[in-house]
> 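For reference, the structure I am asking about is given below.
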Amino acid sequence: MDSTVKKLASGAGILLSRAVQFTEEKLGHAEKTELDAHFENLMARADTTRHWTEKIMRQTEVLLQPNPGTRMEDFVYEKLEKKVPARQCNVELLGQFMTDAGNEFGPSTPYGKTLIKCGETQKLLGSAEKEFVQASMMSFLTPLRNYVEGDYKAIAKERRLLESKRLDLDACKTRLRKARASEAKASAEPDFQDIRPRNFVLSASISGLWAKEVTKAEQDLRVAQLEFDRQAEVTRLLLEGLSSTHANHLRSLHEYVDAQVTYYAQCYQYTVDLQKQIGSTPTPLPARPLHPNAPPSSTIPLAPTPVTADGANLGLAGRRSARVLYDYDAGDSSELSLLADEVITVYSIPGLDSDWLMGERGNQRGKVPVTYLDLVKS
């Protein structure tokens, strides 16, 4: 019990003295042993590596698993050293919903058949995503996490020990400096008068005590210097290992990029195959929607369709002028783009849908929607 209390008291005293010394160094009231520039650069490099490795690691985790709840669940399972339960990713869930919907609507219907094909492809995409996530975790995230949670923690521990040894060394230097100053003062200026022999004895005794204090302080300084140098060498070796750490991370980065290339190539191939499959499915195309402000087509008088025996003057008899009501962008090369308020020439030809007219503007010609026109009365 007594030894434990003594150890606690001794540790508290050392901690307090170091805190006081550290504060005095910050205020400029105490000298500080400075490390060489190369050592300082190594420590700065280690801090920078740790900072950016953590940021890259965290963002990669977000990229691979966007759901924070799922990330937390995986973290708990990892800490408990238990296997993460199998779960479907979002793409696989979408594929399952598409497949179920297609079966519900009927596999023989165009919509149901296409849904099933899309669902099967989504499942393949989900499987490829899982493989990509697993490969990235093993080849890229694990080395980064090992550095942050392993190598850098070891470096930080040795740096804390080095700082402690440095404070001990500076404390020994301060004690030796004070002891030498006191010894010199006691030798040069005795505290007692020379006419009293007893005072000579006391003066000599005090000088001897300071001499012993100097000797002890010098011995403690040698020990502190030796421990500081040994700890500095250990820390330096760990810091110089950052070059190999960067080389390992570079190799991991190459593997991550390779995994991305494989993943996106698989996704591209799956979607191209799906596009080819559903491209053969007959799909009824709906009519082009009317402009939201356009009146019903039945309220617009259509020009009569001219009919001739030889077809030489087909449509010429029905030419009329029309004012454009709204801007219209042509859907393909057979249509004519329109600008609001411009006036064009329109006419009808046999076989053309009743919702369309042929329009001309100078040398340009193409189909135009009737609902976008205000036919000028002839």
> Of all the heavy-atom pairs spanning I344 and E360, show the shortest one and how long it is.
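Of all heavy-atom pairs spanning I344 and E360, the closest is CB-O, 3.5 Å.
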> Are C118 and K113 close enough that some pair of their side-chain heavy atoms sits under 4.5 Å apart?
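A side-chain contact is absent here, since even the closest heavy-atom pair is not under 4.5 Å.
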> If we ignore hydrogens and angles and just use 3.5 Å, is the side chain of E227 paired with the main-chain N or O of A224 as donor and acceptor?
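Between the backbone of A224 and the side chain of E227 there is no qualifying donor-acceptor contact (under 3.5 Å).
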> Grab the two heavy atoms, one from T109 and one from G106, that are nearest each other, plus how far apart they are.
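Of all heavy-atom pairs spanning T109 and G106, the closest is OG1-O, 2.7 Å.
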> How many angstroms lie between OG1 in T371 and CG in L373, if you round to the nearest 0.5 Å?
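With rounding to 0.5 Å, OG1 (T371) is 7.5 Å from CG (L373).
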> Go through the steps for E54 and R50 under the test side chain to side chain contact (heavy atoms under 4.5 Å, CB included), then give the verdict.
CA-CA 6 Å; E54 279 188 342; R50 188 268 310 169; 3.4 Å; yes
> Rounded to the nearest 0.5 Å, what's the gap from CD on E335 to CZ on R365? Could you check?
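So the gap between those two atoms works out to 14.5 Å.
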> Less than 4.5 Å apart, side chain to side chain, heavy atoms only: is that true for S252 and P143?
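With C-beta onward as the side chain, the pair touches.
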> Using side-chain heavy atoms (C-beta onward) and a distance below 4.5 Å, is R320 in contact with Y347?
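In short, these two side chains do not touch, never coming nearer than 4.5 Å.
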> Examine distances only and state if a side-chain atom of D374 and a backbone atom of R323 form a donor-acceptor pair shorter than 3.5 Å.
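Judged by distance alone, no pair lies under 3.5 Å.
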> Got a donor-acceptor contact below 3.5 angstrom from the T271 side chain to the Y268 backbone?
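Yes, because the side chain of T271 sits within donor-acceptor range (under 3.5 Å) of the backbone of Y268.
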> Checking salt bridge (Lys or Arg N to Asp or Glu O under 4.0 Å) for the pair E92/K130: CA distance, chi angles, key distance, verdict?
CA-CA 10 Å; E92 288 178 316; K130 281 187 173 181; 3.2 Å; yes
> For G241, does its backbone N or O pair with a side-chain atom of S244 as donor and acceptor, under 3.5 Å?
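At least one qualifying donor-acceptor pair exists.
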> How are the rings of W356 and Y328 set relative to one another: parallel (under 30°), tilted (30 to 60°) or perpendicular (over 60°)?
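Taking Y328 first and then W356, their aromatic rings stand perpendicular (interplane angle over 60°).
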> Under 4.5 Å between any side-chain heavy atoms of T245 and H249, yes or no?
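Yes - at least one pair of side-chain heavy atoms lies under 4.5 Å apart.
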> Give me the atom names and distance for the closest heavy-atom approach of L242 to R45.
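That would be CD1-C, 3.9 Å.
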> For the OG1 atom of T142 and the CD atom of E149, what is their distance to the nearest 0.5 Å?
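With rounding to 0.5 Å, OG1 (T142) is 10.0 Å from CD (E149).
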> Would you call R166-E163 a salt bridge at under 4.0 Å N-O?
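Yes, charged N to carboxylate O under 4.0 Å.
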> Within the 4.5 Å heavy-atom criterion, are I56 and L144 side-chain neighbours or not?
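Contact flag for I56/L144 side chains = yes.
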> So if I apply the side chain to side chain contact (heavy atoms under 4.5 Å, CB included) rule between L336 and each of L357, V346, V368, which one comes out positive?
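For L336, the side chain to side chain contact (heavy atoms under 4.5 Å, CB included) check succeeds only for V368.
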> Restricting to non-hydrogen atoms, name the atom on K173 and the atom on T33 that form the minimum distance, rounded to 0.1 Å.
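Here K173 and T33 meet closest at NZ-OG1, 3.1 Å.
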> Determine, for E213 against K178, whether the closest basic-nitrogen to carboxylate-oxygen distance falls under 4.0 angstrom.
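K178 and E213: not salt-bridged.
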> Are W52 and V257 connected, step by step, through hydrophobic side chains (Ile, Leu, Val, Met, Phe, Trp, Tyr) whose heavy atoms are closer than 4.5 Å?
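W52 and V257: separate clusters.
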> I'd like to know if the side chain of S136 and the backbone of Y256 have a donor-acceptor N/O pair within less than 3.5 Å.
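Checking the backbone N and O of Y256 against the side chain of S136, no donor-acceptor pair under 3.5 Å is found.
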> Report whether Y152 and F140 are members of the same hydrophobic cluster (ILVMFWY, side-chain heavy atoms less than 4.5 Å apart, transitive linking).
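Different hydrophobic clusters.
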> L239 and T235: side chain to side chain contact (heavy atoms under 4.5 Å, CB included), yes or no, with the steps?
CA-CA 6 Å; L239 292 173; T235 308; 4.0 Å; yes
> Which class fits the ring pair Y263 and F132: parallel under 30°, tilted 30 to 60°, perpendicular over 60°?
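Y263 vs F132 ring planes: parallel.
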> Begin from the C-alpha positions of L115 and T99 and carry the test side chain to side chain contact (heavy atoms under 4.5 Å, CB included) through to its verdict.
CA-CA 6 Å; L115 274 174; T99 302; over 6 Å; no
> Is the shortest side-chain N to carboxylate O distance from R145 to E61 below 4.0 Å?
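E61 and R145: salt-bridged.
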> Quick one, D273 and T121 - any side-chain contact, counting heavy atoms below 4.5 Å?
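No, side chains not in contact.
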> Can you tell me which residue among L338, L339, V343 is in a side chain to side chain contact (heavy atoms under 4.5 Å, CB included) with R361?
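Running side chain to side chain contact (heavy atoms under 4.5 Å, CB included) over L338, L339, V343 with R361 returns exactly one hit, L338.
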> Is there side-chain contact between N248 and R251, with heavy atoms separated by less than 4.5 Å?
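Touching, per the 4.5 Å side-chain cut-off.
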> Within the distance-only criterion (no hydrogens, no angle test), does the side chain of E129 pair as donor or acceptor with the backbone N or O of C89 below 3.5 angstrom?
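Checking the backbone N and O of C89 against the side chain of E129, no donor-acceptor pair under 3.5 Å is found.
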> Can you list the steps and then say if L141 with L64 is a side chain to side chain contact (heavy atoms under 4.5 Å, CB included)?
CA-CA 10 Å; L141 270 182; L64 298 179; 3.8 Å; yes
> Let me confirm one number: the CG-SG distance from L176 to C172, rounded to the nearest 0.5 Å.
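So the gap between those two atoms works out to 9.0 Å.
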> Counting distance only, does the side-chain N/O of T215 pair as donor-acceptor with the main-chain N or O of A211 below 3.5 Å?
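Yes: the side chain of T215 pairs with the backbone of A211.
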> Test of understanding: clusters of I, L, V, M, F, W, Y form through side-chain heavy atoms closer than 4.5 Å, transitively. Do Y264 and V272 belong to the same one?
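No.
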> Are R159 and D47 ion-paired here, with the side-chain N under 4.0 Å from a carboxylate O?
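Salt bridge between R159 and D47, a charged N being under 4.0 Å from a carboxylate O: yes.
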> Could you go through the side-chain hydrogen bond (donor to acceptor under 3.5 Å, both in side chains) check for D329 and S337 one step at a time?
CA-CA 5 Å; D329 293 328; S337 296; 5.0 Å; no
> Do Q122 and Y270 pair up side chain to side chain, a donor and an acceptor below 3.5 Å, judged on atom types alone?
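No pair is found: no donor N or O on one side chain lies under 3.5 Å from an acceptor on the other.
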> Does a donor on one side chain and an acceptor on the other come within less than 3.5 Å for Q225 and R222?
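Side chains of Q225 and R222: no pair found under 3.5 Å.
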> Show me, pair by pair, the donor-acceptor contacts under 3.5 angstrom made by side chains of residues 34-44, not counting sequence neighbours?
unit_1	atom_1	unit_2	atom_2	d
D36	OD1	H38	N	3.1
D36	OD1	F39	N	2.8
D36	OD2	R236	NH2	3.2
N41	ND2	A37	O	3.2

> So if you build clusters from Ile, Leu, Val, Met, Phe, Trp, Tyr with side-chain heavy-atom gaps below 4.5 Å, do V133 and M57 land together?
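Yes, V133 and M57 fall within the same hydrophobic cluster.
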> Are more than 12 heavy atoms from other residues, nucleotides or ligands located less than 6.0 Å from atom CD of E342?
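Yes, the 6.0 Å shell around CD holds more than 12 heavy atoms from other groups.
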> Might you point out which heavy atoms bring G119 and M98 nearest each other, and give the distance in Å?
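Minimum heavy-atom contact is CA-CB, 3.7 Å.
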> Would you mind reporting whether D100 and Q96 have side-chain heavy atoms less than 4.5 Å apart?
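Counting from C-beta outward, Q96 and D100 do come under 4.5 Å.
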> Rounded at 0.5 Å granularity, tell me how far NZ in K55 sits from OG1 in T53.
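Going from NZ on K55 over to OG1 on T53, the span is 12.0 Å.
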> CD/E255 to CG/L253 distance, rounded to the nearest 0.5 angstrom?
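Between E255 CD and L253 CG, I get 10.0 Å after rounding to 0.5 Å.
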> Among the clusters formed by ILVMFWY side chains lying less than 4.5 Å apart, do V370 and Y326 turn up in the same one?
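Same hydrophobic cluster.
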